[in-house]
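Worksheet for the structure shown next.
Counting begins at 1 with the first residue of the sequence.
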Amino acid sequence: MFESIDDVMLRFAERKYICSRGIATVVFLASRMHKPILVEGPAGVGKTELAKVVAGCLGQDLIRLQCYEGLDEAKALYEWEYGKQLLYTQILKDKISDVLAGTSTLGEAVDRISAQDGVFFSERFILPRPLLRAITSEHPVVLLVDEIDKSDSEFEAFLLEILSDFQVSVPELGTIEARNLPLVVLTSNNTREMSDALKRRCLHLFIDFPSPEHEREIVRLKVPEVPNALAAEVIAVVQKVRRLDLKKAPSISETLDWARALALLNVENLGDEAVRDTLTAIFKYEADIRKAEKELREHVARQRARPAGGAAGEPSGGNGGDALH
């Protein structure tokens, strides 16, 4: 359990995860109020990593449910192991004969068999999926419902019972209540709007692209082998290309990939010819690469025109958003 907001920030920092006080506040309140966190923002800013770090800080298992179109209860909650039931039926064939002994009509036989429903429809034949595993865990866990915006609205509605009461209904067994309340983190890339009912049950957290200062701190922490001057140039270019009309703006995870690639190639500055061959590490569409190449040429020209002794690669501007990584 987190003791305070400062405790959250300290324990996150120990795991090389830089977070703002606003993020730490939401995590602290969620752990104390037993409310889910709905984390929204662009892909790659660290929403999934947030749940992993929380689980690590608390020393709890992370149970992950990856959402996708068509996800239903059977894949998220539980499935009956019909093959196992059939195998047990074959093994217990003689016992079934004993149960039916003395019956003279079909109705009597059915009544005898139905009286044994509890044997074959019990927890021993249930294959728990992530949601049921989180509910029935003997120890507190962190439940990550990842990219919930990719699931259907029907599945979102199904989650409401779990998020409201931390219980699930199994028709054959009844209502199963949580043995320990899990800390739930839901992530969304904003591909569709979440319902008001879901948002009402959660603490909301929006993660945006990082400010230049925050991004520099992350790069220094995650890719220490990159020279400071090169890191400053990388961040300056990334911050500017995010303002372009791109099919996919680079996230902090892609900034780190680019920085690592440049370090591996021993690149000293963005004027190096090898830099253009590394743009695929940060841009995923050819049209975006073409736009980035133009921005890169302009950046190199400005650097060469800068008077000697100037601050190389000094980034300008920023959106001041939080960064999770």
Between [X] (side chain only) and [Y] (backbone N and O only), is there a donor and an acceptor less than 3.5 Å apart?
{"X": "S137", "Y": "R133", "value": "no"}
{"X": "R15", "Y": "R11", "value": "no"}
{"X": "D257", "Y": "R260", "value": "no"}
{"X": "D288", "Y": "K247", "value": "yes"}
{"X": "N269", "Y": "G271", "value": "yes"}
{"X": "Q239", "Y": "A236", "value": "no"}
{"X": "T187", "Y": "E147", "value": "yes"}
{"X": "R192", "Y": "D149", "value": "yes"}
{"X": "R32", "Y": "M1", "value": "no"}

Q. Side-chain heavy atoms under 4.5 angstrom apart, residues restricted to Ile, Leu, Val, Met, Phe, Trp, Tyr: same cluster for L127 and I162?
A. no
To the nearest 0.5 angstrom, please state how far the [atom1] atom of [X] sits from the [atom2] atom of [Y].
{"X": "S164", "Y": "L159", "atom1": "OG", "atom2": "CG", "answer": "10.0 Å"}
{"X": "N180", "Y": "E138", "atom1": "CG", "atom2": "CD", "answer": "7.5 Å"}
{"X": "E69", "Y": "T191", "atom1": "CD", "atom2": "OG1", "answer": "10.0 Å"}
{"X": "I235", "Y": "K240", "atom1": "CD1", "atom2": "NZ", "answer": "13.0 Å"}
{"X": "D6", "Y": "L10", "atom1": "CG", "atom2": "CG", "answer": "8.5 Å"}
{"X": "L203", "Y": "L38", "atom1": "CG", "atom2": "CG", "answer": "9.5 Å"}

Q: Could you walk me through whether E295 and K291 pass the salt bridge (Lys or Arg N to Asp or Glu O under 4.0 Å) test, one step at a time?
A: CA-CA 7 Å; E295 181 62 43; K291 293 176 182 178; over 6 Å; no
Q: Establish, from distance only, whether the side-chain atoms of S195 and E156 form a donor-acceptor pair under 3.5 Å.
A: yes
Q: Determine, step by step, whether R276 and E293 satisfy the salt bridge (Lys or Arg N to Asp or Glu O under 4.0 Å) criterion, reporting the C-alpha distance in whole Å, the side-chain angles of both residues, the deciding distance to 0.1 Å, and the verdict.
A: CA-CA 7 Å; R276 286 176 173 78; E293 285 178 337; 5.2 Å; no
Distance-minimising heavy-atom pair for [X] and [Y]:
{"X": "I252", "Y": "G44", "result": "CG2-O, 3.1 Å"}
{"X": "K47", "Y": "E40", "result": "CD-C, 3.8 Å"}
{"X": "T280", "Y": "D277", "result": "OG1-O, 4.0 Å"}
{"X": "F12", "Y": "L50", "result": "CE2-CD1, 3.6 Å"}
{"X": "P182", "Y": "L143", "result": "CB-CB, 4.4 Å"}
{"X": "L65", "Y": "A76", "result": "CD2-CB, 3.9 Å"}

Q) Does K150 make a cation-pi contact with Y68 (under 6.0 Å, within 45 degrees of the axis)? A)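 Judged by the rule (NZ or CZ under 6.0 Å from the ring centre, within 45° of its axis), K150 is not positioned above Y68.
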Does [X] reach the side chain of [Y], with side-chain heavy atoms less than 4.5 Å apart?
{"X": "V275", "Y": "T278", "value": "yes"}
{"X": "S4", "Y": "D7", "value": "yes"}
{"X": "I37", "Y": "V184", "value": "no"}
{"X": "R21", "Y": "I5", "value": "yes"}
{"X": "M194", "Y": "H204", "value": "no"}
{"X": "Y78", "Y": "L131", "value": "no"}
{"X": "L246", "Y": "F283", "value": "yes"}
{"X": "N190", "Y": "F206", "value": "yes"}

**Q.** Qualifying residue for salt bridge (charged side-chain N to carboxylate O under 4.0 Å, His left out) with E215, from K222, R242, R220
**A.**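 Passing option: R242.
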How about [atom1] on [X], more than 12 heavy atoms from neighbouring residues, nucleotides or ligands closer than 6.0 Å, or not?
{"X": "K294", "atom1": "NZ", "result": "no"}
{"X": "E268", "atom1": "CD", "result": "no"}
{"X": "D61", "atom1": "CG", "result": "no"}

Q) Between R64 and D146, does at least one N-O distance fall below 4.0 Å, as a salt bridge requires? A) yes
Q) So, R129 and E79, do they make that salt bridge, N to O below 4.0 Å? A) yes
Q. According to the interplanar angle, ranging from 0 to 90°, do the rings of F155 and F158 count as parallel (below 30°), tilted (30 to 60°) or perpendicular (above 60°)?
A. tilted
